[in-house]
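Nothing here was measured: the structure is a model prediction, and the numbers come from that model.
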Amino acid sequence: MNPEIVGWSSAAVLLATIAQQVWKQWASGSTAGVSKWLFVGQTLASLGFTVYSVMKGDPVFIAVNAALLLSALVGEAVYWRNRRAAGVAPSPARGRGPG
């Protein structure tokens, strides 16, 4: 089997899964069950993997990691939009709980 087909197919499945989650969060207008750290972690990891992929010169991984980075940024923006819409005030620096 052609490794490029496996790579691009896997990338499509992963991106579709992440995009569906971000869309559900957007459509629901809620942040229930979503940690604020999810998209921060995804952004940092995707940025690192994108840089690594560019350094390795792998077009499949450059494309998928750049797309995942974009989805993380959109997810983070949706998360904060939903919090503002719900009237959730920012937590103070001390004593804040998870997510």
Side-chain angles (χ1 to χ4, degrees):
M1 179 178 272
N2 183 336
E4 293 291 316
I5 292 173
V6 173
W8 286 113
S9 298
S10 298
V13 170
L14 179 58
L15 291 171
T17 302
I18 298 293
Q20 178 64 24
Q21 183 59 44
V22 171
W23 175 255
K24 284 177 98 173
Q25 183 182 339
W26 172 270
S28 74
S30 172
T31 59
V34 180
S35 169
K36 64 184 168 191
W37 297 109
L38 169 69
F39 295 112
V40 171
Q42 183 188 349
T43 298
L44 293 173
S46 294
L47 179 61
F49 280 129
T50 300
V51 170
Y52 173 79
S53 300
V54 168
M55 292 170 75
K56 296 291 277 184
D58 188 318
V60 172
F61 285 111
I62 292 169
V64 73
N65 287 314
L68 287 170
L69 176 58
L70 180 62
S71 74
L73 294 171
V74 170
E76 185 72 18
V78 169
Y79 176 86
W80 289 108
R81 177 202 72 135
N82 290 352
R83 281 183 59 97
R84 279 191 306 275
V88 178
S91 300
R94 295 181 166 271
R96 74 179 136 179

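When all heavy atoms are compared, the tightest approach of Gly29 to Arg81 is CA-NH2, 4.0 Å. Here the closest non-hydrogen pair linking Tyr79 and Ser35 is CE1-C, 4.3 Å. Contact record, Val64 with Ala11: CG2-CB, 3.5 Å, taken as the closest heavy-atom pair. Leu15 and Ala67 get closest at one heavy-atom pair: CD2-CB, 3.6 Å. In terms of heavy-atom proximity, Ala63 sits nearest to Trp8 at CB-CH2, 3.5 Å. In this structure, Glu76 and Val40 approach most closely via the heavy-atom pair OE1-N, 3.6 Å.
Heavy atoms from other residues, nucleotides or ligands lying under 6.0 Å from CH2 of Trp26 number 12 at most.
Note that CD1 of Ile62 and OG1 of Thr50 are 9.0 Å apart. Values are rounded to the nearest 0.5 Å. Atom OG of residue Ser28 and atom CG of residue Asn82 lie 5.5 Å apart, to the nearest 0.5 angstrom. The structure places CG of Leu70 at 10.0 Å from OG1 of Thr43, a figure rounded to the nearest 0.5 Å.
Side-chain atoms of Ser71 and Gln21 form no donor-acceptor pair, as typed in the model, at a separation below 3.5 Å.
The shortest side-chain heavy-atom distance between Phe39 and Val22 falls under the 4.5 Å cut-off.
Under the rule for a side chain to side chain contact (heavy atoms under 4.5 Å, CB included), the partners of Leu14 that lie at least two apart in sequence or sit in another chain are Ile18, Leu68. Remark: Gln25 pairs with no residue by the side chain to side chain donor-acceptor pair (under 3.5 Å) rule, at least two apart or across chains. For the side chain to side chain contact (heavy atoms under 4.5 Å, CB included) test, residues two or more places apart in sequence or in another chain that qualify with Gln20 are Lys24.
Placement of Trp23 and Val78 within a single hydrophobic cluster is found when ILVMFWY residues are connected by side-chain heavy-atom separations under 4.5 Å, directly or transitively. Residues Val60 and Val51 fall into different hydrophobic clusters, defined by Ile, Leu, Val, Met, Phe, Trp and Tyr side chains chained together at heavy-atom separations under 4.5 Å.
Using modelled atom types, no side-chain atom of Ser53 and backbone atom of Asp58 make a donor-acceptor pair closer than 3.5 Å.
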